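Here the structure comes first, spelled out in structure tokens, and everything after it is commentary.
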Amino acid sequence: MLSSIRTLWYTFLHLFHHSETVQYPEQMPYLAPRYRGRIVLSRDPDGEERCVSCYLCAVACPVDCISLQKTEEDGRWYPEWFRINFSRCIFCGFCEEACPTYAIQLTPDFEMSEYERENLIYEKEDLLISGTGKYPDYSFYRVSGLAIPGKGKGEAERERPPIDTRALLP
Amino acid sequence: MNLILFGLLNIVGILLMLVIGAALLTWIERRLLGFWQDRRGPNRVGPFGSLQVVADMIKILFKQDWIPPFADPVVFVLAPAVVMVAALLAFAVVPVTPSIGIAGNLNIGILFFLAMTSLSVYSVVLAGWASNNKYSLLGGMRAAAQMVSYEVFMGLALIGVVMLTGSFSLADIVRAQQELWFVVPQFLGFIVFMIAGIAETHRLPFDLPEGENELGAGFHTEYSSMKFGMFFVGEYIGIILVSAMIVILFFGGWQGPLLPPILWFAIKTGAFVGFFILLRAALPRPRYDQLMAYGWKLMLPLSLLNIAVTGAVMLTH
Amino acid sequence: MAIIHIDDREFTANPKDNLLQACLSNGFDLPYFCWHPALGSVGACRQCAVRQFANPEDTTGRIVMACMTPATDGTRISIADPEAVSFRASVIEWLMTNHPHDCPVCEEGGECHLQDMTVMTGHAYRRYRFSKRTHRNQYLGPFVKHEMNRCIACYRCVRFYRDYAGGADLDVYAARNNVYFGRAEDGVLENEFSGNLVEVCPTGVFTDKTLSAAYNRKWDMRSAPSVCVHCGVGCNTSVNERGGQVRRILNRYNGAVNGYFLCDRGRFGYGFANRPDRVRTPVLRDPGGSMRTATRTEALDALTKTLGTGGKIIGIGSPRASLEANFALRRLVGADGFHAGVSAREARCLATAIEILQAGAVPTPTLREMEAADVVLVLGEDVADTAPRVALALRQAARGRSMEIADRLKIAHWQDAAVRDAAQGARSPLFVASVAATRLDDIAARTCRAAPCDIARLGFAIRHRIDANAPSVEDLPEAMQALAGEIADALLAAKRPLIVSGCGLGDEAVLRAAAGIAQALNGADRLPGIVLAVPECNSMGLALMQGGSVEDAIDTVTEGATVIVLENDLYRRAERKRVDALFDAAANVIVLDHVSTATVARADIVLPSANFAECDGTLVSGEGRAQRSFQAVFPKDDVQASWMWLRDIAGTSEWHRLDDVVRSLASAMTQFVAIGEATPPGDFRIAGSRIRSEPHRYSGRTAVDADRTVHEPRASVPEESPFSSTMEGYYGQMPASLIPFFWAPAWNSIQSLNKFQDEVGGALRGGDPGVRLFEPNGAAAPRPDATAPGQFVRGPGQWFVVPRRPIFGGEELSALAPAVAERIAAPSLALNPADARSLDVENGGMIDIDFKSGSYRLAVTVAPELPSGVAMLSVGLPGMDWCALPGWGTPRRAEPAP
């Protein structure tokens, strides 16, 4: 009983507390760079698409709102199409964590309301940005073993030149 | 002729005041809750958001007025009307000031008030029944049990006041408090009456008939549009009514220094309305069995004790 | 059964197994790489280390490789031993030092044995900071992709390719950390089982190139159990689907049939299902003669109008359509109007084959039983072309002698390297009598090249040698006599002799000769077997329905009749002008098919039927095994199963689902009584649930169709099927015929199969899928009076041309697959060098050859081993007209084209 009265009193005192509400949109809140908002696909420092179409974002997505199709050009993998259904997205960021190439990134932008659900279907053209996003220096193909134009076998980081199978040297 | 005109004006005035007050309360409650929860509440529509009421009104009027095909249509429509009518009728006996008030001098004022509040239980039970939905029915049954139980000691709590005054007329009761508000000699009665009043209007923490987390929305699950609005408004009129009754019975009604009587009445009533909202902001909902036990095992003995002590004191004098 | 103790608990094991096999069979997760149930152990990867204790008192023990240690009675081992655990983790860490960071761009990712094993051992963080060795990749043809950086040097690929499948062009080069698995130089992998490298390789060195072209991870593909439609062996497959397209075919283990391996035609021949030119909508011929696509209702209206005229209706079935479709047609047109859609010669051969298998005394073995044969005679059939998986089984049978030697030396059969060292390539006798060189010759004890009738004569001579009561063969050349004697002696000495023949040459005498030998061998303590290869996936089922041939249909057609052709291209079955005559005579030609063929182009009404991946259906393999395949693709247009179209045409409504058809087929034709047992019925449920056909991680449900509609259309679910078409439903231990894909917790790769077998490498739990429709009853010995045909006499200025159905291109559907099409050789006529000289043509030169049915201009291949006067023509290739083979052809020197 007493505790109830105390509760009433403390609650009443909140009348004189400062309000926590931010008066959006007049007053824009600070959103950290790691804020989980609209999803983008970034490019590597050379300006090529970072996405290698590995499907890990799609499988990590708890609401299954990411779908894509792999295609290949000169040994380089990239998505033929890449679709995010933002009307289903819960902005959990699992896709970003799953992405092995830093391609998919969540950005501090959440102002994407629409009147038609169709307008929330983002295709690759809508998702792809021209910059590197949060990770300016990383390029997957400089690390991985697949040969692509401009980087042959054995030319990635920490790789020795390809073996000559006919060499007799030990 | 003048008397009749004055009477009519009184009626229309009070009716308007009540309905507008109830409507405003929907906004005031949300803003107060906001403040108590370190938020702002609705502050966008009109000055300080006060036109939120209008916006909500328009919205609720334009909602689809849906009667579920499985419901009993006649009773379904009747139920929300009953709650509003009962609450409004009870106000007939409230003496706002010596001059304002429809039948403040009615010599069975308290009985009339009790009778009208009892009527509102029908509304809730009928709504629950007519909805033909198990959650609504459960809500209705809870409401019936709760209101019937709390009505018992609501009445008993008032006996002390009546004994002191020697009259059932509310105006007489107010006048009897010229020297001392009845809250002092009848403190126990005040507490019991207030708690019963909260239960009677099924406001938090006694809103088990609506218990969202277990019953959807209780008895008004199936209601929409203005029919739902009537339950809503009925509830707020109930709050005003119970607050007004507390003021009249225990806090000297319109009486007070300097300010005109009408203002005193409004200030006092408003304070209690605010207290009701504070309760909602601060207290959790008890379990249903706790509610019933609280009523029968604590409140009822307390109210009986109050009568006994009051009687004993009066006899010794 | 031996009792072994694993971590102080008792388990039973087969004492012939090794410990790794025993541990896996008992449900333990023990990592391994180089061991494979079909390939045995070599102890190359050192991954399956366990601690073995000498006796209960021994607490020290020693680390051993489970795959190299026999599961003898009383063995005590510990898998959980801390030292063994850290040993395995270290081995993985070493293996991983050179493994690239490729997983995101690796086709194996998500179903990678190396990933599974890495996770299983707990190695999670790479400490190796130095540079990695790299390799250059090779072009290996249209089927297999090569990425050598990923290699962990387990040697499985060469052990399979060279030792198991007999390939020669994949080998290991360089040494130690640098070992390289590939060809001497870039080029197409020649062996027809190269596709199995994809499944055999524990990581992503060899991957499926056709899948890579339209790639999806394993978890993203719907899968359904299916049966290969590219030959008559009836290998079990899993069809993987995504986006309405067949993405790949995987081997589906069936202990009795295909085991762990598929041929490349079966694995990569699915491309026909995805062709843009395939039939997807009904097509009607306007009165003007032009074709236009129509709706389903329009088509059915047109059909009602057509059939309402009441003329004669002729139905032509198909050996590549399911039993149910053929039966639906037979019911629609009546037994008299129904004709099996095969050539007359093929129909005769098939009838003979059925007579031999059904009324004979010698059973036809399963592929697993074939592998146990100790002497094999291949009589006149090039099984490497017509039934490739049988050829692979015969290769294993030839290793029987090695195993005998191993037994003598008390070496366990799974000690692969030891067995090979001890046996030094010793083989059981395998005799090949054929017209031309076959791809089994390399393991044959003796080969013999002769014309078909001479092959039959050799067979009859062998029979006479075995059973003196059988008629002898007159005028047999000395060499043949000697060979017949040698083969007969070998067969008589065998315990499980196996005679292999088939319909490939189109010569009944060869079949009868083979049957005669098998019959003569029966008795004593021998268990002979006879294998007769049939050309197509449901040839046997269709032949059991006894419907004559296409030629019968052509003969019986009357002016104004209606012809219904079921999934068949008649131009591949009979002479062009005769088929044209049939279509000209017919007032209406209704064709049900899923691929665009010349027959479809002649139709008045074309109905889009479902292919093997789009409907459920039953096929009967050459062994007489009825097997059900299930729907994996749910087409969005008017495509439906042929039996449904035929039901809709007939206007009958008592068939709602496949089970209704199966039931009425079983009751209408006694030979099919058992087909309902091939698989549980359509209302089969486990704990009230259907079996899910999509893995539980299936992704993109709410986005994949969002470009068309955001409303997430409801998944189409077949009315009665044991499978749900979504990721909802049961997945666990299900009946063997209903396993949509192999997966088990911690086992994402195909090796999860271990969890579905009774004993690793044995039958699937609950018995291998399929039901045999017949067993030999011995009621009528197959023509004991059959006598040898006359000797081959070459015609004046004529060659006897025999057909060859090449593995790539010889089968209609797979030839339409882009990957297989790349491997199809141009049609050519193989000639004896002397014959070539007589016409003055060289290898690659052109000649004209005239048949009764028409003439061809063909390139010449000189084949020294061909008998003189016999030519061999590859048939069935796209763009080639049918001609009556075997038959006489008159060659001419090619005149310059006018």
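Throughout, a chain's letter reflects where its sequence line sits, starting with A, and its residues are numbered from 1. What you see is a predicted model; the values in this text were computed from it and never measured.
- For A:R117, the parts lying under 4.5 angstrom from a heavy atom of chain C are both the backbone and the side chain.
- Every residue two or more places apart in sequence or in another chain that forms a salt bridge (Lys or Arg N to Asp or Glu O under 4.0 Å) with A:R142 is listed here: A:D46.
- For CZ of C:R126, the number of neighbouring non-hydrogen atoms (other residues, nucleotides, ligands) closer than 6.0 Å is greater than 12.
- With values rounded to the nearest 0.5 angstrom, A:D64 atom CG is found 9.5 Å from C:E712 atom CD.
- A pairwise comparison of heavy atoms in C:D707 and A:I121 identifies N-CG2, 4.5 Å as the closest pair.
- Of the residues considered (C:Y173, C:W219, C:Y180), C:W219 shows the highest number of contacts with chain A, using heavy-atom pairs under 4.5 Å.
- Taken from CG in C:D102 to SG in A:C54, the straight-line distance is 12.0 Å, to the nearest 0.5 Å.
- Of the atoms belonging to A:R76, not a single heavy atom falls under 4.5 Å from chain C.
- A 4.5 Å side-chain heavy-atom check between A:L146 and C:E147 finds at least one atom pair inside the cut-off.
- Counted within 6.0 Å of CZ on C:F130, heavy atoms from surrounding residues, nucleotides or ligands total 12 or fewer; the atom is thus considered open.
- With chain A as partner, the option from C:H101, C:M148, C:H135 having the largest number of non-hydrogen pairs under 4.5 angstrom is C:H135.
- Judged purely by atom type and a 3.5 angstrom limit, A:N85 uses its side chain to pair as donor or acceptor with the backbone of C:T702.
- The environment of CH2 in A:W9 is sparse: at most 12 heavy-atom neighbours from other residues, nucleotides or ligands sit within 6.0 Å.
- Heavy-atom distances place the side chain of A:Y141, and not its backbone, under 4.5 Å from chain C.
- Within a 6.0 Å sphere centred on CD of A:Q27, other residues, nucleotides and ligands contribute more than 12 heavy atoms.
- For C:A175, no part lies under 4.5 angstrom from a heavy atom of chain A.
- The neighbour count for C:F634 CZ, taken as heavy atoms of other residues, nucleotides or ligands under 6.0 Å away, is above 12.
- For a residue to count as touching a neighbouring chain, one of its non-hydrogen atoms must lie under 4.5 Å from one of that chain's; by this rule C:N149 touches chain A with the side chain only.
- Only the side chain of C:N98 comes within less than 4.5 Å of a heavy atom in chain A; its backbone stays farther off.
- Using a 4.5 Å cut-off between heavy atoms, C:S212 touches chain A through backbone and side chain atoms alike.
- Contact count against chain A (heavy-atom pairs under 4.5 Å) is highest for C:P104 among C:P104, C:P100, C:G109.
- Annotation: C:E728, atom CD; neighbour count of heavy atoms from other residues, nucleotides and ligands within 6.0 Å does not exceed 12.
- The distance from the CG atom of C:D220 to the CG atom of A:L68 is 8.0 Å, given to the nearest 0.5 Å.
- Of the two parts of A:C61, neither the backbone nor the side chain holds a non-hydrogen atom closer than 4.5 Å to a non-hydrogen atom of chain C.
- Using a 4.5 Å cut-off between heavy atoms, A:T71 does not touch chain C at all.
- Residue-environment remark: CZ (A:F110) exceeds the threshold of 12 foreign heavy atoms within 6.0 Å.
- Among the candidates A:Q69, A:E118, A:E123, the residue making the largest number of heavy-atom pairs closer than 4.5 Å to chain C is A:Q69.
- Summarising the local packing, CD of A:E111 is surrounded by more than 12 heavy atoms from other residues, nucleotides or ligands at distances under 6.0 Å.
- In this structure the side chain of A:W77 reaches within 4.5 angstrom of the side chain of C:E107, judged on heavy atoms.
- At a threshold of 4.5 Å between non-hydrogen side-chain atoms, the residues A:F140 and C:V105 count as touching.
- Only the backbone of A:I66 comes within less than 4.5 Å of a heavy atom in chain C; its side chain stays farther off.
- Residue contact with chain C, scored on non-hydrogen atoms closer than 4.5 Å, involves the backbone and the side chain of A:V59 alike.
- C:C103 does not touch chain A: none of its heavy atoms, backbone or side chain, sits under 4.5 Å away.
- One N or O on the side chain of C:T134 and one on the backbone of A:R160 form a donor-acceptor pair closer than 3.5 Å.
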